Novice: 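Following this message is one structure expressed as structure tokens.
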Amino acid sequence: MDINLLVLRCKDLEASRCFYESLGFDFVRERHGDGPEHYASQSAGLVLELYPLAPGEPAGDTRLGFAVADPGRIISEVAVEGRREVGGQTVYVIRDPDGRAVELSPLESGG
């Protein structure tokens, strides 16, 4: 089984778009029918969509993890909340604009 869709509800759509673009996602603005405008990115078989939060809706506390080509570049631009070693690699924990924990690990060669 592979995950192929992840939808995140965001308080500030533009701030979230900028944050996830810094991780390597490329977004396009979309609207399906009379639904809300949102951003979508397709990468490595995963569609990541960023939707605006409805009034009074919580962002949730989903924890995400991404393997990225250059975690050092990203963590030099954001506050690192934590780090741990996993399989000889350093995994960094940062927060997205909605406060969700995002784990960054190095992309394995050949991955």
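Residue numbers run from 1 in the order of the sequence given. If you're wondering where the values come from, they're calculated on a predicted model, not measured in any experiment.
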Novice: For L8 and R100, run side chain to side chain contact (heavy atoms under 4.5 Å, CB included): C-alpha distance rounded to whole Å, both residues' side-chain angles, the deciding distance at 0.1 Å, then the answer.
Specialist: CA-CA 10 Å; L8 300 176; R100 286 180 280 259; 3.8 Å; yes
Novice: Taking atom OG of S41 and atom CG of L50, what is their separation to the nearest 0.5 Å?
Specialist: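 Answer for the OG-CG pair, S41 versus L50, is 8.5 Å.
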Novice: Honestly curious: do V47 and Y39 fall in one hydrophobic cluster under the side-chain, below-4.5 Å linking rule?
Specialist: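 Different clusters.
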Novice: Test side chain to side chain contact (heavy atoms under 4.5 Å, CB included) on R95 and V102; report intermediate values, then the result.
Specialist: CA-CA 6 Å; R95 294 271 172 186; V102 177; over 6 Å; no
Novice: With a 4.0 Å cut-off, would you call E103 and R84 a salt bridge?
Specialist: yes
Novice: Determine whether I75 and L23 fall in the same hydrophobic cluster, where Ile, Leu, Val, Met, Phe, Trp and Tyr are linked whenever their side-chain heavy atoms lie under 4.5 Å apart.
Specialist: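 Both belong to a single hydrophobic cluster.
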Novice: Linking I/L/V/M/F/W/Y whenever any side-chain heavy atoms sit under 4.5 Å apart, do L46 and F19 land together?
Specialist: yes
Novice: In the single-linkage hydrophobic clustering (I, L, V, M, F, W, Y; side-chain heavy atoms under 4.5 Å), do V7 and L13 co-cluster?
Specialist: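 Cluster IDs for V7 and L13 differ.
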Novice: We want to know whether E85 and T90 form a side-chain donor-acceptor pair, criterion being a heavy-atom distance below 3.5 angstrom.
Specialist: yes
Novice: Atom CG of L104 and atom CZ of R83: how far apart are they, to the nearest 0.5 Å?
Specialist: 11.5 Å
Novice: Is a side-chain N or O of H32 found less than 3.5 angstrom from the main chain of E30, in a donor-acceptor match?
Specialist: no
Novice: Within 45° of the axis and under 6.0 Å from the centre of the six-membered ring of Y51, does NZ or CZ of R9 qualify?
Specialist: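 Yes - R9 lies over the ring of Y51, closer than 6.0 Å to its centre and within 45° of its axis.
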Novice: If you apply the rule salt bridge (Lys or Arg N to Asp or Glu O under 4.0 Å), what do you find for R29 with E14, and how did you get there?
Specialist: CA-CA 11 Å; R29 187 176 281 274; E14 292 303 318; 3.0 Å; yes
Novice: Using the rule that Ile, Leu, Val, Met, Phe, Trp and Tyr join whenever any side-chain heavy atoms are under 4.5 Å apart, tell me whether F27 and L53 fall into a single cluster.
Specialist: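 Different clusters: F27 never reaches L53 through Ile, Leu, Val, Met, Phe, Trp or Tyr contacts under 4.5 Å.
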Novice: Let's go through S16 and D98 carefully: what are the C-alpha distance in whole Å and the side-chain angles of both, what is the deciding distance for side chain to side chain contact (heavy atoms under 4.5 Å, CB included) to 0.1 Å, and is it a yes or a no?
Specialist: CA-CA 8 Å; S16 293; D98 290 294; 3.4 Å; yes
Novice: Could you walk me through whether F66 and F25 pass ring-ring contact (aromatic ring centres under 6.0 Å, His included), step by step?
Specialist: CA-CA 11 Å; F66 298 105; F25 290 95; 5.2 Å; yes
